[in-house]
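Note on naming: letters A, B, ... go to the chains in the order of the sequence lines (proteins, then strands), and numbering restarts at 1 for each one. Being a predicted model, the structure only gives us computed values, none of them experimental.
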2 protein chains.
Amino acid sequence: MDTAKRNKNADTFETCRQRMLAVKDALGVLNGRWKIPIMTSLLFGDKRFKEISKEIDGVTDKMLSKELKDLEINQLVKKEARDTFPPTVKYSLTEHGRSLETVVAELYYWGSKHRKKIIGK
Amino acid sequence: MDTAKRNKNADTFETCRQRMLAVKDALGVLNGRWKIPIMTSLLFGDKRFKEISKEIDGVTDKMLSKELKDLEINQLVKKEARDTFPPTVKYSLTEHGRSLETVVAELYYWGSKHRKKIIGK
DNA sequence: TGATTTACTAACCTTTTGTATAGCGCTATC
DNA sequence: GATAGCGCTATACAAAAGGTTAGTAAATCA
């Protein structure tokens, strides 16, 4: 391998690693089975706890509660509780959370394509 | 709530659930900590096993091997082994796998933004 | 009276993921 | 002749993620 080619390979290796870091930062916040579905739900509007859980098949109260807390800590979601009875809690996206819209949209497009290609053949 | 408003709510509920399904299809294939990093690595070019593992911090041989197998089953990755010694195995993306490029790109943009906002403040 | 509702939490259990270590077959290098 | 390299696989175990069940508060409804 000549010098020029070796340098080019080293470059793409470095570029690749930097991309990877950013991708991992994103995945670090969106990890687990439920965070992206939760964000998807809230991109359609503010919701109460039970409304979210109805939209996401298979999620348990425990998981939903935990994941919402994580998302709140990472400033993607905000929570407003009123001390009525039964309790009323509203979840909504922060501006930062709403900036995930394009990511979720791409996942949606890709997921539809994938379903057609693999699952629904 | 009047009838028109109730219908509109029912509509967004349904649209939301359909989006959710497609998003979950995508996540079903890309689940776990490693699949998206692996795809990111292969989007930069065909790679051998060790090359991928060098680019992804923290992944073990066991996990890498398992996840590559999953991706192969889902037709995102293809594998070519030549029976030389030491063994030479080349991994590359299928066309379907390459179609994930936009998803990964969005994750990369968002991850960079997120790092600046939350981690690197 | 007692069942229902909401947004959780605690206890416990299972499944998935990760870690550590070893080994294989064969070649090339020290 | 020992050692390093590749692309795994096997075994055993620890840790993390996720699921199941049950329970709480206080008001409302039958």
Side-chain angles (χ1 to χ4, degrees), chain A residues 1 6 9 13 20 23-24 26-42 45-74 76-93, chain B residues 1 9 13 20 23-24 27-39 41-42 45-74 77-93:
Chain A
M1 191 160 38
R6 193 161 51 241
N9 281 356
F13 180 79
M20 194 86 66
V23 167
K24 279 215 190 160
L27 295 176
V29 187
L30 301 171
N31 62 1
R33 271 171 72 185
W34 306 114
K35 297 214 181 70
I36 292 176
I38 291 169
M39 296 304 289
T40 306
S41 167
L42 290 176
D46 304 356
K47 303 258 165 72
R48 299 179 59 180
F49 189 89
K50 261 286 149 58
E51 292 177 307
I52 303 173
S53 91
K54 265 178 221 154
E55 274 170 355
I56 305 178
D57 263 6
V59 75
T60 59
D61 281 4
K62 176 194 165 185
M63 276 294 128
L64 185 52
S65 162
K66 179 184 166 296
E67 301 294 59
L68 280 167
K69 222 171 272 175
D70 283 0
L71 291 169
E72 215 191 329
I73 289 168
N74 283 297
L76 300 179
V77 162
K78 57 178 185 272
K79 177 180 170 177
E80 294 164 61
R82 275 186 284 150
D83 54 353
T84 54
F85 273 92
T88 311
V89 182
K90 198 184 80 178
Y91 290 94
S92 56
L93 297 183
Chain B
M1 192 159 41
N9 280 354
F13 180 80
M20 194 85 66
V23 167
K24 279 215 192 159
L27 294 176
V29 187
L30 301 170
N31 62 1
R33 272 170 71 184
W34 306 115
K35 298 215 181 69
I36 292 177
I38 291 169
M39 296 304 288
S41 167
L42 290 176
D46 303 355
K47 301 259 165 73
R48 300 178 59 179
F49 189 88
K50 261 287 148 58
E51 292 178 306
I52 303 173
S53 89
K54 265 178 221 153
E55 274 170 355
I56 304 177
D57 263 5
V59 76
T60 58
D61 282 5
K62 179 189 165 188
M63 277 295 126
L64 185 51
S65 162
K66 178 183 168 295
E67 300 294 59
L68 280 167
K69 226 171 268 174
D70 283 1
L71 291 169
E72 215 190 329
I73 289 168
N74 283 298
V77 161
K78 58 178 185 274
K79 178 179 169 176
E80 295 164 61
R82 276 186 283 152
D83 52 353
T84 55
F85 274 92
T88 310
V89 182
K90 197 183 78 176
Y91 291 94
S92 56
L93 297 183

Those residues that, when tested against A:Val77, pass side chain to side chain contact (heavy atoms under 4.5 Å, CB included) (two or more places apart): A:Met39, A:Leu42, A:Leu68, A:Leu71, A:Tyr91, A:Leu93
B:Lys24 versus A:Ile56, closest heavy-atom pair with distance: NZ-CG2, 3.9 Å
Which atom pairs, one a donor and one an acceptor, fall under 3.5 Å between side chains of residues 60-67 of chain B and the rest of the protein, sequence neighbours left out?
| unit_1 | atom_1 | unit_2 | atom_2 | d |
| --- | --- | --- | --- | --- |
| B:Thr60 | OG1 | B:Met63 | N | 3.4 |
| B:Glu67 | OE1 | B:Lys35 | NZ | 3.4 |

Spacing of CZ belonging to B:Arg33 relative to CD1 belonging to B:Ile38, to within rounding of 0.5 Å: 12.0 Å
Side-chain donor or acceptor of A:Ser41 paired with backbone N/O of A:Pro37 under 3.5 Å: no
Gap between atom CG of A:Asp46 and atom NZ of A:Lys90 - 0.5 Å precision: 4.5 Å
side-chain contact (heavy atoms from CB on, under 4.5 Å) assessment of B:Lys79 paired with B:Val89: CA-CA 7 Å; B:Lys79 178 179 169 176; B:Val89 182; 3.8 Å; yes
Short N/O separations, protein against nucleotides 3-7 of chain C, under 3.5 angstrom:
| unit_1 | atom_1 | unit_2 | atom_2 | d |
| --- | --- | --- | --- | --- |
| C:dT6 | O3' | A:Arg48 | NH2 | 3.2 |
| C:dT6 | O3' | A:Pro87 | O | 2.9 |
| C:dA7 | OP1 | A:Arg48 | NE | 3.0 |
| C:dA7 | OP1 | A:Arg48 | NH2 | 3.1 |
| C:dA7 | OP1 | A:Val89 | N | 3.3 |
| C:dA7 | OP2 | A:Lys50 | N | 3.2 |

Per-nucleotide protein contact string for nucleotides 14-20 of chain C (B base, S sugar-phosphate only, - none; heavy atom under 4.0 Å): ---SBB-
Partners meeting side chain to side chain contact (heavy atoms under 4.5 Å, CB included) with A:Glu51 (sequence neighbours left out): A:Lys47, A:Arg48
Heavy-atom check, side chain of B:Ile52 versus side chain of B:Val59, under 4.5 Å: no
Chain B contact limits on DNA chain D, taken 5' to 3' with a cut-off of 4.0 angstrom to heavy atoms: D:dC6 to D:dA12
